[in-house]
Amino acid sequence: RKEFVDLYVNYVFNESIQKPFEDFMQGFLRGCPARKWKMFLPVELQIVLQGHTKFDWHLLEKNVTYRQYKKLDRTIRNFWTVFHKLPEEKKKMFLAFLSGSDRIPGYGLEHFTFSIADPQAENPDELCPSASTCNRILFLPR
């Protein structure tokens, strides 16, 4: 039984995917030559490819710029009060809403900035918050 299980596991995880994996690796290495990746340690390479997964949310708050708002405006204070009370998973969902990814790029959170802007609508109660993911702008009605 052990031999059967070992052979089956080897087939499923190695032999059955060998050709598709080789095709993927060949295409990947065509665009990203291996010699350029060798300068990274495995942990560094993971951060470059996937981004950071641990966050200092207060540092994120410090990196925000405000448009048509001031840091001490009631809307902004309420936003950050609610944000910091959210569970970690909801904060990551906000990050994905804002930037298109629930991770911070490899250059780090200290360089990750975004803006909070007032959409200046006539009736802000009829608007929901929206985001420009390319520019990392959160449009937050008053």
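Model, not experiment: these values are computed from the prediction.
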Without placing hydrogens or testing angles, list every side-chain donor-acceptor pair under 3.5 Å for residues 8-17, not counting sequence neighbours.
residue, atom, partner, partner atom, Å
N10, OD1, N14, ND2, 2.7
N10, ND2, E15, OE2, 2.9
S16, OG, Y11, O, 3.1
S16, OG, V12, O, 2.9

Test side-chain hydrogen bond (donor to acceptor under 3.5 Å, both in side chains) applied to E122 - qualifying residues, sequence neighbours left out: none
Considering only Ile, Leu, Val, Met, Phe, Trp and Tyr, and joining two whenever side-chain heavy atoms are under 4.5 Å apart, list the other residues clustered with V82. none
Contacts of K90 meeting side chain to side chain contact (heavy atoms under 4.5 Å, CB included) (sequence neighbours excluded), chain-then-number -> L86, P87, M93
Can you sort out the partners of R74 under side chain to side chain contact (heavy atoms under 4.5 Å, CB included), two or more places apart, ordered by chain and number? R77, N78
Do R136 side-chain atoms and T113 backbone N/O form a donor-acceptor pair below 3.5 Å? yes
For K2, what residues pass the salt bridge (Lys or Arg N to Asp or Glu O under 4.0 Å) criterion, not counting sequence neighbours? D6
Which pairs would a plain distance check flag for residues 23-31, meaning a side-chain donor or acceptor within less than 3.5 Å of a matching protein atom at least two apart in sequence or in another chain?
residue, atom, partner, partner atom, Å
D23, OD1, K19, NZ, 2.9
D23, OD2, K19, NZ, 3.3

Excluding sequence neighbours, so at least two apart, what forms side-chain hydrogen bond (donor to acceptor under 3.5 Å, both in side chains) with E61? H84
For E88, side-chain hydrogen bond (donor to acceptor under 3.5 Å, both in side chains) partners two or more places apart: W57
For R142, which residues count as a salt bridge (Lys or Arg N to Asp or Glu O under 4.0 Å) partner, sequence neighbours excluded? D73, D118
With F139 via ring pair (Phe, Tyr, Trp, His ring centres under 6.0 Å) - residues at least two apart: none
Test side chain to side chain contact (heavy atoms under 4.5 Å, CB included) applied to P141 - qualifying residues, sequence neighbours left out: P119, P124, L127, P129
